[in-house]
Amino acid sequence: MAAAAPVTVRVQHDDFDVAAETARLTAGRADAGAIVTFTGLCRDEGGRLAALELEHYPGMAEAEIGQICEQAVTRFSLLGLTAIHRVGKIAPGENIVLVIALAPHRHAAFDGASFVMDYLKTSAPFWKKEHFADGRTGGWVDAKDSDDQARAKWS
Amino acid sequence: MAAAAPVTVRVQHDDFDVAAETARLTAGRADAGAIVTFTGLCRDEGGRLAALELEHYPGMAEAEIGQICEQAVTRFSLLGLTAIHRVGKIAPGENIVLVIALAPHRHAAFDGASFVMDYLKTSAPFWKKEHFADGRTGGWVDAKDSDDQARAKWS
Amino acid sequence: MTKLVYFAWVRERIGKGEEDIDLPASVKTGSDLLRHLKTLGDDYAHALEHENVIRIAINQEHVEHDEPIAGAREIALFPPMTGG
Amino acid sequence: MTKLVYFAWVRERIGKGEEDIDLPASVKTGSDLLRHLKTLGDDYAHALEHENVIRIAINQEHVEHDEPIAGAREIALFPPMTGG
């Protein structure tokens, strides 16, 4: 019998260790043929940005990501899925979000990770505020129509 | 000015270190917003398989992957791309192939890694032979029509 | 009493992250709630000026503006999400 | 002399990984080469039985079967690829 498909969801201040999370997801099983890892990073926006500040709705953020992950596991028959989102101040070059999808074949793993990111962007209650290199606090990042369109392509 | 988009291609017997390869690709730059990593693993096929034996055409294998990677960098405006393919005997659960795509935004990184894998499967001169757990040497793995179809969707 | 929670620029403009509030019986939906809150002061009016961009969650689940809020323990108001 | 290289089950059935061979002037294309090699013995005939599945590379680049082989330094014959 195949092992269950473990789903891990975390929201945390600390950075994550992609290798350790991947090892945890694949440990003790040899039925997976594909791992797709997505890591979202803070860009410096051409040197303009000093940091992003990530705010979230505790409880709902974890629950929304959890629901998205369960949908992805079912829809793409994933063998495992991990999603970790950081909050707090994040400097350019640092990690923001991690999704790891484990599947027997590559297309399911690619689709699973991509699906989670497209839904997470539009459904999970996180907000980004920009802090600029010149000391000004920028505004809140606007939601993008392109993210809604990306999500819509899955329905 | 943006740094150039480094392309790394290797064919090797030894395992690769995903974290080290990722760190090398992102070192010294903060213009990337997305890393997509694909790792292809040897499946045990329900316990039937003892190992895969990977053969390649030295020289041509590296050149083909290199051409695929250059196409991917241009087509998806990637900031960097690494592709490593192992050869020799590989046990279930072990790594076979690694693709890491670095981009400003997530869709380019997903598409870049997926494109490289779809082309690599059908164009790069590698062949897999199965060694079974019961001691028999299995046949050579057949090419799959689904891989040709996956490649065709990019053209 | 109903617990209201605010995030991002909704929180900043209203000037607090949460509050417990007595809602009149006439406030039956999310839309009613937004209109009621806008009568409570300039900060609320500014935060909720563009009603159509405000997202509403009841008991930590997304709802449409016309959803009834009866029995809600916690109602959250926030801008479009920008995580990931 | 032209260098021929074989991979996977083409290599196993022919019984060698490479060889240098003198090709008759009548062998002008990849298809001509496959037909010529099949006359060299049962091993070749078995390896190249289904010509349409055999892939050909000249100087390490994929070519169609009707491609001229004139001037080729190295011609490779192999089954459909199964890497990744």
Side-chain angles (χ1 to χ4, degrees), chain A residues 1-2 17-23 26-50 52 79 91-107 109-111 113-118 120-121 144 146-147 149-150 153, chain B residues 1-2 17-23 26-50 52 79 91-107 109-111 113-118 120-121 144 146-147 149-150 153:
Chain A
M1 210 187 94
D17 179 335
V18 183
E21 297 299 336
T22 304
T26 56
R29 65 191 312 157
D31 53 352
I35 308 169
V36 168
T37 297
F38 174 84
T39 310
L41 304 163
C42 178
R43 287 186 303 273
D44 68 357
E45 307 296 357
R48 198 172 55 89
L49 196 79
L52 283 177
L79 298 175
E94 280 189 56
N95 294 323
I96 297 174
V97 60
L98 172 67
V99 175
I100 311 176
L102 190 70
H105 298 281
R106 74 188 184 284
H107 290 123
F110 273 116
D111 283 348
S114 182
F115 174 95
V116 169
M117 281 307 304
D118 285 345
L120 191 155
K121 282 261 176 190
K144 286 187 288 185
S146 59
D147 285 331
Q149 289 155 16
K153 78 165 191 275
Chain B
M1 210 187 97
D17 180 335
V18 182
E21 297 298 337
T22 305
T26 57
R29 66 190 310 159
D31 53 352
I35 308 168
V36 169
T37 298
F38 174 83
T39 311
L41 304 163
C42 178
R43 285 185 304 273
D44 68 356
E45 306 296 358
R48 198 173 54 89
L49 195 80
L52 283 176
L79 298 175
E94 281 189 55
N95 294 323
I96 298 174
V97 61
L98 173 67
V99 175
I100 311 176
L102 190 70
H105 298 281
R106 73 187 184 285
H107 291 123
F110 274 116
D111 284 347
S114 182
F115 174 95
V116 169
M117 281 307 305
D118 284 345
L120 190 155
K121 282 259 174 189
K144 285 187 288 185
S146 59
D147 285 331
Q149 288 154 14
K153 77 167 191 273

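To find a chain, count down the sequence lines: A is the first, B the second, and so on, and within it residues start at 1. Hydrogens, waters and symmetry mates are skipped; everything else that's a heavy atom, side chains included, is used. Keep in mind that what you see is a predicted model, and the values were worked out from it rather than measured.
Side chain of R106(A) to backbone of F38(B): no donor-acceptor contact under 3.5 angstrom is found.
For A113(A), the parts lying under 4.5 angstrom from a heavy atom of chain B are both the backbone and the side chain. At a 4.5 Å heavy-atom cutoff, the contact between D118(B) and chain A is made by backbone and side-chain atoms alike. At a 4.5 Å heavy-atom cutoff, V18(A) makes no contact with chain B through either its backbone or its side chain. Only the side chain of A19(A) comes within less than 4.5 Å of a heavy atom in chain B; its backbone stays farther off.
The CG atom of N95(B) sits 6.5 Å away from atom CD1 of I35(A), with the distance rounded to the nearest 0.5 Å. Separation of atoms NZ (K144(B)) and NE2 (H105(A)) is listed at 5.0 Å; rounding is to 0.5 Å. Remark: T37(A) OG1 to I100(B) CD1 distance equals 9.5 Å, nearest 0.5 Å. Considering CD of E21(B) and CG of L98(B), their distance stands at 6.5 Å, rounded to 0.5 Å.
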Report task. Run the numbers on M117(A) and K121(A) for side-chain contact (heavy atoms from CB on, under 4.5 Å), then give the verdict. Result -> CA-CA 6 Å; M117(A) 281 307 304; K121(A) 282 261 176 190; 4.2 Å; yes
Requested in this report: Given side-chain contact (heavy atoms from CB on, under 4.5 Å), test E94(B) with L52(B) step by step and report yes or no.
Outcome: CA-CA 10 Å; E94(B) 281 189 55; L52(B) 283 176; over 6 Å; no
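Of residues 41-49 of chain B, those residues lying under 4.5 Å from chain A by any heavy-atom pair are L41(B), C42(B), R43(B), D44(B).
Qualifying side chain to side chain donor-acceptor pair (under 3.5 Å) partners for D111(B), counting only residues two or more places apart in sequence or in other chains: none.
Interface summary for chain A: among A91(B), G93(B), A109(B), S114(B), the most heavy-atom pairs under 4.5 angstrom belong to S114(B). The candidate with the highest count of non-hydrogen atom pairs below 4.5 Å against chain A, out of A32(B), A150(B), G40(B), P92(B), is A32(B). The most heavy-atom pairs under 4.5 Å with chain A, out of S146(B), A101(B), P104(B), come from P104(B).
Between F110(A) and V36(B), the closest heavy-atom pair is CE2-CG1, 4.1 Å.
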